[in-house]
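Structure in structure tokens, see below.
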Amino acid sequence: MSPALQTGVVQLASEETLGAFGNDPWWITTIKALAIFVFLMICVLMMIMADRKVMGRMQQRHGPNRMGPFGLLQSLFDGIKLSLKEDLIPRGVDRFVYIAAPVIAAVPAFIAFSVIPIGPEVNMFGVLTPLQLTDLPIAALVVLATAALGVYGFVLGGWASQSPYALLGGLRASAQVISYEIAMGLSFVAVFIMSGTLTTSGIVESQRGLWFAVLLLPSFLIYLVTMVGETNRLPFDLAEGEGEIVGGFMTEYGSMKFTMFFLAEYVNMCTVAAVSVTLFLGGWLAPPGVTAILPGANEGWWPALWWLLKFLCVMFLFIWARGSLPRVRYDQLMKLGWKVLIPIQLVWITAVAVVRMLVLDNASPIVIGLVVAAFSAATIAAFTAWARFVRRERAEEARLRADNQRRARKEPAFGGFPVPPSTAPHYGSSVLAEPPRTAPVAAESNKKGEEVSGA
């Protein structure tokens with residue numbers, strides 16, 4: 001290892017924000033872990049209820065309003081109902097993988113939340129400790145790693161079910177997560193370049209001046225799209241499309257195993273929403289202007305409130321998208337991930353890296369402005385060429401559609417099943433054959449009344 005690389009490794013391992021971790025007594029660590037688990041479980045219950053209530057209002061209906069005050073206990077009763085259902089295991093499945101798949105899908109989402117900072121150091125039962133379970137020199141990569149592990153539960157669940165619909169749903173989930181996780185990882189790269197660290201607490205500290213959602217707006221917008229695709233939510237829930245593959249990878253699951261898949265989806269939503277708050281929305285830092293009114297807004301337990309408000313706003317986006325957007329086709333899903341999001345991210349990261357390097361080298365503002373103008377001109381030219389290509393493609397599709405309609409009017413057999421002659425027997429049924437009504441009846445043509453079947 002070269003001396004320069006050794007120096008970089010030592011600096012990475014000795015992040016300033018990491019000094020507050022690893023010193024807590026075991027009972028404080030236990031309290032934090034239990035608090036994360038309870039918070040996520042309550043979030044799942046409340047999110048399921050909010051999902052149905054908000055979408056009900058968007059569709060001009062009430063939603064759940066029977067169980068508990070204002071229907072707040074509906075999710076709890078749904079969970080009890082699912083747990084009391086009969087648990088069936090289909091014949092011929094791989095039992096161990098079939099049972100382990102829901103657990104594999106749910107556990108990584110809980111692990112990823114352990115590196116999310118919810119607040120600064122606070123006094124907890126006389127111990128000064130940060131409102132974060134732990135932090136690592138590569139904490140942001142832990143989030144990506146756990147997100148990648150979660151898809152194994154979906155794939156293995158589809159494969160172990162020995163069902164074509166479940167297998168197809170598992171394959172769709174794997175292809176979807178791979179394509180959208182690349183774009184998500186590239187969104188993180190821009191944050192790493194600007195913050196100079198991979199620790200989640202350090203990334204939050206680097207946003208004290210300006211949130212990365214403003215400074216790195218393209219990365220933030222692409223992350224919002226990829227986090228919806230990562231969690232298999234509408235409009236990207238092709239892995240469990242009811243109209244095509246019944247229920248996808250969870251078709252053969254019921255009772256508590258189905259509940260685990262359901263839990264994994266909603267916990268993943270909480271995790272990716274918390275990551276967006278940490279990387280792009282300033283984490284637990286107070287919104288701009290609040291510190292002028294409340295000088296201690298970034299101290300004590302107040303930051304946990306700001307973090308929770310940002311978290312709820314991002315979670316609302318999931319419900320808004322589900323109630324507003326139709327499900328896309330699978331080819332459109334893959335095209336968006338591979339042909340749109342990834343190329344945009346590569347160009348954007350190159351621009352961010354070049355500008356960041358010029359700023360660190362104390363380049364003149366004129367040079368930085370010229371580089372930004374060059375990247376902007378190249379982006380506008382690429383967008384114009386892409387828009388021209390889309391217009392030509394749509395014009396060609398319209399021409400082919402009009403040509404097909406013209407041919408369909410002239411040729412009844414064009415574009416589908418050939419039209420059978422009116423004198424033919426009913427193909428595929430079990431009815432007696434009839435002689436043509438315009439032809440003379442044969443004497444002994446169908447004396448015994450044979451059945452004609454196309455089966």
Check for me whether Arg327 meets the cation-pi criterion with Phe236, that is, NZ or CZ under 6.0 Å from the six-membered ring centre and within 45 degrees of the ring axis.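 Not flagged: Arg327 not positioned over aromatic ring of Phe236.
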
Report the distance from atom CE of Met49 to atom CE of Met67, rounding to the nearest 0.5 Å. 14.0 Å

Using side-chain hydrogen bond (donor to acceptor under 3.5 Å, both in side chains), reason through Thr197 and Glu205 one step at a time and then give a plain yes or no. CA-CA 10 Å; Thr197 180; Glu205 288 292 335; over 6 Å; no

Phe383 and Trp386 aromatic centres sub-6.0 Å: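 Yes: the rings meet the under 6.0 Å criterion.
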
Spacing of Glu121 atom CD and Glu299 atom CD [to the nearest 0.5 Å]: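 So the CD of Glu121 and the CD of Glu299 are separated by 12.0 Å.
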
Just verifying a value: how many Å separate Gln345 CD and Ile222 CD1, rounded to the nearest 0.5 Å? 3.5 Å

For Arg95, look at atom CZ and say whether over 12 heavy atoms of other residues, nucleotides or ligands are found less than 6.0 Å away.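 No, CZ of Arg95 has 12 or fewer neighbouring heavy atoms, counting only those of other groups under 6.0 Å.
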
Evaluate the side-chain hydrogen bond (donor to acceptor under 3.5 Å, both in side chains) criterion for residues Lys32 and Ser114: first the C-alpha distance (whole Å), next the side-chain angles of each, then the deciding distance (0.1 Å), finally the verdict. CA-CA 9 Å; Lys32 289 183 182 180; Ser114 62; over 6 Å; no

If you round to the nearest 0.5 Å, how far is OG of Ser174 from CG of Leu156?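 The distance works out to 10.5 Å.
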
Are the side chain of Lys53 and the backbone of Asn65 linked by a donor-acceptor contact shorter than 3.5 Å? no

Under 4.0 Å between a side-chain nitrogen and a carboxylate oxygen: does that hold for Asp51 and Arg233?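 Between Arg233 and Asp51 there is a salt bridge, with a charged N closer than 4.0 Å to a carboxylate O.
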
Heavy-atom neighbours of Phe192 CZ exceed 12 at 6.0 Å: yes

Taking the six-membered ring for Trp, are Phe220 and Phe280 closer than 6.0 Å centroid to centroid?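 They qualify: ring centres under 6.0 Å apart.
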
Angle between ring planes, Phe262 versus Phe258, binned at 30° and 60°: parallel, tilted or perpendicular? parallel

Tyr165 side, atom OH; Leu168 side, atom CG - distance, nearest 0.5 Å: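 These two atoms lie 9.5 Å from each other.
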
Taking Gln59 for the side chain and Arg61 for the main chain, is one N or O donor matched with an acceptor at less than 3.5 Å?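 No, Gln59 side chain to Arg61 backbone: no donor-acceptor pair under 3.5 Å.
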
Counting N and O atoms only, with roles assigned by atom type, does the side chain of Asp135 sit under 3.5 Å from a partner on the main chain of Ser201, one being a donor and the other an acceptor?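 Checked: pair present.
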
Euclidean distance, Phe318 CZ relative to Cys270 SG, rounded to 0.5 Å: 8.5 Å

Within a radius of less than 6.0 Å around CH2 of Trp26, do more than 12 heavy atoms belonging to other residues, nucleotides or ligands occur?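 Counting other residues, nucleotides and ligands, CH2 of Trp26 stays at 12 neighbours or fewer.
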
Parallel, tilted or perpendicular for Phe113 and Trp307, by the 30°/60° rule? perpendicular

Centroid separation under 6.0 Å, is that true for the rings of Tyr180 and Tyr223?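 Here the rings of Tyr180 and Tyr223 have centres that are no less than 6.0 Å from each other.
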
Can any side-chain N or O of Glu181 pair as donor or acceptor with the backbone N or O of Thr226 at less than 3.5 Å?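 Not at all, since once roles are kept as given, no pair shorter than 3.5 Å links the two residues.
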
